[in-house]
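Single-structure report; data block below.
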Amino acid sequence: MYKVKLLLVFIFSTLNAQISQIKYSLETKYIEVPLDHFAYIEEPNVFQLRYLINAEHYDEMGPIFIYTGGKGDISVQAQNAGFMFDIASTFKALLVFIEHRYYGESLPFGDTSFSSLKHLKYLSTSQALADVAYVTKYLKTTFSEIEELQPTVVVFGESYGGMLAAWLRMKYPYLVTGTIASSAPIFDFPGLTECNTFYEKITDVYNKYGGQKCVEMIQRGWDIIAAALSKKKIGKDVLSELKICSKIESTKDVEKVLNWLQNILVTLAMANYNYPTNLYTPLPAYPVKVFCEKLTPYNEINNNSFIHHYSRALDFYTNYTGNNLCNNINYINEDLTEFAWNYQKCTELISPRCSTENDMFVTKPWNYEKYAHDCNARFGVKNVRPDWATLAYGGEDLKYYSNIVFSNGDMEPWLTSSVVDNITNSIFSINIPDTTNQVDLRQYNPADNNYVTETRNFHIRTIMQWLDGEN
Ligand SMILES: *[C@@H]1O[C@H](CO)[C@@H](O)[C@H](O)[C@H]1NC(C)=O
Ligand SMILES: *[C@@H]1O[C@H](CO)[C@@H](O)[C@H](O)[C@H]1NC(C)=O
Ligand SMILES: *[C@@H]1O[C@H](CO)[C@@H](O)[C@H](O)[C@H]1NC(C)=O
C-alpha cells in the first residue's frame with residue numbers, strides 16, 4: 001500500500017503588512033481549482049487558490065484541521081485562530097488554512113476580478129464550499145488513494161467562515177468528520193431572524209459594559225450631530241470636531257457620517273474583548289467601556305461641546321496612532337475586501353436589519369425593495385437571491401445534520417442569528433457568558449474567563465470523540 005507524504009518545508013511566508021504580530025509560521029501553497037465547479041465553461045476555467053500549512057506538530061497518524069477562510073486575507077485570519085495552534089500538539093494535527101476565493105491573493109481574474117459582473121459571478125458560497133471540498137479531497141488523496149488510510153478531517157471557522165465550516169459538514173459529510181463553528185450566524189437570513197435583533201443586541205452590550213447613561217447619550221447624539229451637520233454655518237465647526245476629510249453638502253453626506261459613526265460603535269461591540277486586541281485596529285480591553293467612560297462625564301452641556309466630547313471619546317479608535325490627518329468616511333467603498341463582501345451581501349448573504357426605538361441607533365425600517373434597488377445600482381445585480389442560502393443549507397432545519405458545535409459569546413452582536421440551542425445529540429450549542437465573538441478560537445490568553453476555558457475543553461473532548469468514532 002503506497003502512501004505519499006506531503007513534503008513540508010518550513011519557510012516563513014511573506015505576510016501581509018496588516019499583521020503587527022506574526023506569531024505562527026505558515027507555509028504558503030497554491031492549488032489550481034476550477035473557476036466554476038458546477039458547469040463546463042471555456043478557458044480561463046481554473047485559478048490559483050492560496051492555502052497555508054503548519055505541520056510543526058503533525059504526525060502521520062494525526063488528523064487534518066482545516067480552517068475555512070471567510071471574508072479577508074487568510075494569513076491574517078490564521079494568525080487569529082490561535083486555538084488550532086494551541087491544540088495541534090495534543091492531536092498531532094496538520095493545520096491547513098484555506099483562503100476564500102476573491103479575497104486576499106485568491107483572485108480568479110487577478111486585478112480585474114472585481115471589474116465586472118462577468119468576473120464577479122463566480123463569487124458565491126457554493127463555489128467557495130466546493131473549493132474547500134476540492135482542496136480537502138486533494139489533501140486526503142495525497143496521503144493515500146485508499147479511503148481507510150486517509151486522515152480524518154475536522155473543520156474550524158469563525159463568523160462567516162464559521163457558517164462555511166458548518167455548511168461544509170452539511171454538504172460534504174463524507175469528507176469532514178465534524179465542525180467547530182465559532183460565532184457563526186447561520187440564521188442571519190430573511191425569515192429566520194427578526195430585523196431588529198442585531199442593533200438591540202449591540203445596545204445590550206453598551207448597556208452592560210458602558211451603562212445606561214452611555215446608551216442614552218448615544219441615542220440623543222444622532223439628532224444633535226445630524227442637525228449640526230445640516231446647518232451650513234455650524235456644520236463647519238462639527239466638521240472640524242469630527243475631522244471628516246470630505247465636504248458635507250447633502251443629506252446623503254450627513255447620512256454617511258451617521259453610518260460611519262454607527263459602524264464604529266458596532267465595531268467596538270464586536271471587539272469588546274476583555275484584553276487588548278488588534279483585529280480591526282489596535283484596541284484596549286473592553287473598548288465599549290473605554291468609550292463610554294470617556295463620553296459619560298460630559299452630560300449637561302450644549303450641543304457643540306457634546307460633539308466635541310463625542311469625537312474626542314472616539315479618538316482612541318479613529319486616531320490611535322496620532323497620525324490620522326482626517327477621517328475618511330468613504331474608506332469602506334475603496335477596500336477590495338469590503339467590495340467583495342458587499343457583493344456577497346447583495347447577492348446571497350442578505351441579512352435584514354432595522355432599528356427601532358428599542359435600540360440606541362437612528363430608527364430605520366428594513367426595506368427589502370430599497371436594499372435590492374441599491375444593490376442593483378451598485379453592482380448591476382438584478383435577481384438578488386435572499387432565499388437561496390436557506391434553500392441550500394436548510395434554514396432552521398438542522399436536525400438532519402450531525403457533528404457540529406456552534407459556540408457563541410453571549411455578548412456578541414450576532415447571537416440572535418446564531419444557533420443557541422442544542423438541536424440533536426451531536427449538534428451542540430455552547431453559550432460563553434461575558435464574552436464577545438470568536439473568543440474560543442483565539443489563542444489562549446491569561447485573561448480568558450472560565451467559560452472560555454470550559455468551551456475550549458468541550459471542543460477538545462468533542463473532537464476526540466469524533467476521531468475515536470472514525471477508528
Ligand atoms: C440640540 O440639538 C437637538 C437636536 O437637534 C435640538 O433639539 C436642541 O434644540 C439643541 N439644543 C440647543 C441648545 O441648541
Ligand atoms: C490625530 O491626532 C493628532 C495629534 O494629536 C492631531 O493633530 C490630528 O488632528 C488627529 N486626527 C484626527 C482625525 O482626529
Ligand atoms: C448543550 O449540550 C452541552 C453538552 O451536554 C452542554 O454543555 C451545553 O450547555 C448545552 N447547551 C445549551 C444551550 O443548552
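Remember, it's a predicted structure, so these values are computed and weren't measured experimentally. The figures that follow rest on heavy atoms only: side chains count, while hydrogens, waters and symmetry mates do not. Just so you know, ligand 1 is whichever comes first in the structure, and atom 1 is the first atom listed for that ligand.
Phe156 pairs in a ring pair (Phe, Tyr, Trp, His ring centres under 6.0 Å) with only one of the listed residues (Tyr67, Phe91, Phe65), which is Phe65. Just one residue in the list Tyr401, Phe406, Phe458 forms a ring pair (Phe, Tyr, Trp, His ring centres under 6.0 Å) with Phe428, and that residue is Phe458.
For Asn324, the closest heavy-atom approach to ligand 2 falls below 4.0 Å.
Under a cut-off of 6.0 angstrom, the local environment of NZ in Lys289 is sparse, with at most 12 non-hydrogen atoms contributed by other residues, nucleotides or ligands.
Less than 4.0 angstrom separates some heavy atom of Val420 from each of these atoms of ligand 3: 13 (C). Those atoms of ligand 3 that come under 4.0 Å of a heavy atom in Phe428, given as number and element, are 2 (O). With ligand atoms numbered from 1 in the order given, ligand 3 contributes 4 (C) to contacts under 4.0 Å with heavy atoms of Phe458.
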As a test of reading the model: which N/O atoms of the protein lie under 3.5 Å from N/O atoms of ligand 1, and at what distance?
{"from": "ligand 1", "atom 1": "2 (O)", "to": "Asn303", "atom 2": "ND2", "distance (Å)": "2.3"}
{"from": "ligand 1", "atom 1": "5 (O)", "to": "Asp223", "atom 2": "O", "distance (Å)": "3.4"}
{"from": "ligand 1", "atom 1": "11 (N)", "to": "Asn303", "atom 2": "ND2", "distance (Å)": "2.9"}
{"from": "ligand 1", "atom 1": "14 (O)", "to": "Asn303", "atom 2": "ND2", "distance (Å)": "3.4"}

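Distance check, rounded to the nearest 0.5 Å: OH of Tyr199 to OG1 of Thr416 gives 11.5 Å.
Under the 4.5 Å side-chain criterion, counting only non-hydrogen atoms from C-beta, Gln219 is not in contact with Phe361.
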**Request:** Please test Arg456 against Asp448 for salt bridge (Lys or Arg N to Asp or Glu O under 4.0 Å), starting from the C-alpha separation and ending with a verdict.
**Result:** CA-CA 11 Å; Arg456 291 192 182 126; Asp448 290 327; 2.8 Å; yes
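Arg442 forms a cation-pi arrangement with Tyr273, by the criterion of a distance under 6.0 Å to the ring centre and an angle within 45° of the ring axis.
For Asp421, no nitrogen or oxygen atom sits less than 3.5 Å from a nitrogen or oxygen atom of ligand 3, counting backbone and side chain alike. Between Asn319 and ligand 2, a contact under 3.5 Å exists for at least one N or O pair.
Aromatic ring centres of Phe291 and Tyr286 lie farther apart than the 6.0 Å criterion allows.
In this structure, Glu158 and Asn80 approach most closely via the heavy-atom pair OE2-O, 4.3 Å.
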